[in-house]
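One structure is given here, and the rest of the page talks about it.
Fair warning: this is a prediction, and the values are worked out from it, not measured in the lab.
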Amino acid sequence: MKKLVLLDADTWRLTEVDPVKVKRYAQEFKRWLLQLDPEADRFGFLTIDLPLVEAAIEGKLPLPYTEPDAHETEIAEGRMPREYLHVSSAFYNTIRGEHCSLPEIVVRDGKRYANCDFEVSDEFETRWWGLRGSRAASHSPLSR
């Protein structure tokens, strides 16, 4: 579903974040985190990242998330495992309202907006179109 989202005047980050996308990335990240050996978790992924991921899944994480990156030093020094960078970047970029590619910018009344694609939840599809699961996406006019 297309949505016009106000951009922060200073950072150009989105001021509204797609909650369906956040939840999807959080679930992927959680699956990766739960495979870790707690005894070998030298970067504290299970104590730092997992609580954020669980809050995002439960809808309790304030969005967009503006706290500093807890692993900033390790990332800058190149000490983080590639697997972590791969799975965490989608999650953290999304919760912070950052862009993977330059969005279409619309200016209205001197304010900048981004034309964004928000994902549609199965609950929305069921309520509006009477469909469930992956069938909903293929039959919904919103997916065309």
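Minimum heavy-atom separation, Asp18 to Val20: OD1-N, 3.0 Å. Smallest separation of non-hydrogen atoms from Pro64 and Gly97: CB-N, 4.4 Å. Here the closest heavy-atom approach between residue Ala26 and residue Ile57 is recorded as CB-CG1, 3.6 Å. Residues Ala70 and Glu74 share a closest heavy-atom pair of O-OE1, 4.1 Å.
Atom OG1 in Thr15 sits 12.5 Å away from atom CZ in Arg112 (nearest 0.5 Å). Taking CD from Glu104 and SG from Cys116, the interatomic distance works out to 10.0 Å, rounded to the nearest 0.5 Å. Note that OG of Ser88 is 8.5 Å distant from CG of Leu33, once rounded to the nearest 0.5 Å. The structure places CD of Glu28 at 8.0 Å from NE2 of His86, a figure rounded to the nearest 0.5 Å. To the nearest 0.5 Å, the span separating NZ on Lys2 from CG on Asp117 amounts to 3.5 Å. Remark: Ser89 OG to Tyr25 OH distance equals 8.5 Å, nearest 0.5 Å.
Under the 4.5 Å side-chain heavy-atom criterion for ILVMFWY residues, no single connected hydrophobic cluster contains both Leu102 and Val106. Linking Ile, Leu, Val, Met, Phe, Trp and Tyr whenever their side-chain heavy atoms come within less than 4.5 Å leaves Val120 and Val5 in two separate clusters. Hydrophobic clustering of Ile, Leu, Val, Met, Phe, Trp and Tyr side chains at less than 4.5 Å, counting indirect connections, keeps Met1 apart from Val17. A continuous path of ILVMFWY side-chain contacts below 4.5 Å connects Leu36 to Leu85, so both sit in one hydrophobic cluster.
Heavy-atom contacts from other residues, nucleotides or ligands closer than 6.0 Å to NZ of Lys111 number 12 or fewer.
A search for side-chain contact (heavy atoms from CB on, under 4.5 Å) contacts involving Arg82 returns nothing, not counting sequence neighbours. Qualifying salt bridge (Lys or Arg N to Asp or Glu O under 4.0 Å) partners for Glu77, counting only residues two or more places apart in sequence or in other chains: Arg79.
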* To do: In sequence, state the C-alpha distance, the side-chain angles, and the governing distance for Tyr92 and Phe29, and then conclude on side-chain contact (heavy atoms from CB on, under 4.5 Å).
  => CA-CA 10 Å; Tyr92 280 110; Phe29 192 13; 3.9 Å; yes
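Between Lys21 and Glu119 there is no salt bridge, since no side-chain N of the basic residue sits under 4.0 Å from a carboxylate O of the acidic one. Taking 4.0 Å as the cut-off between side-chain N and carboxylate O, Glu16 and Lys3 count as a salt-bridged pair. With respect to Arg96 and Glu98, no salt bridge is recorded, no charged nitrogen being found less than 4.0 Å from a carboxylate O.
Annotation: side chain of Tyr113 is not in contact with side chain of Pro103 (no heavy-atom distance under 4.5 Å). The shortest distance between side-chain heavy atoms of Ile95 and Leu61 falls below 4.5 Å. Between Asp41 and Asp37 the shortest side-chain heavy-atom distance does not fall below 4.5 Å. Counting heavy atoms from C-beta on, the side chains of Val87 and Glu83 never come closer than 4.5 Å.
The backbone N or O of Gly44 sits less than 3.5 Å from a side-chain atom of Thr47, completing a donor-acceptor pair. Formation of a donor-acceptor pair under 3.5 Å by the Asn115 side chain with backbone atoms of Leu4 is not found in this model. In this structure, the side chain of His99 does not engage the main chain of Ala114 through any donor-acceptor pair within 3.5 Å.
A ring-ring contact (aromatic ring centres under 6.0 Å, His included) check over residues 40-81, counting only residues at least two apart or in different chains, returns the pairs Trp32-Phe45, Phe43-Phe45, Phe45-His71, Phe45-Tyr84, His71-Tyr84.
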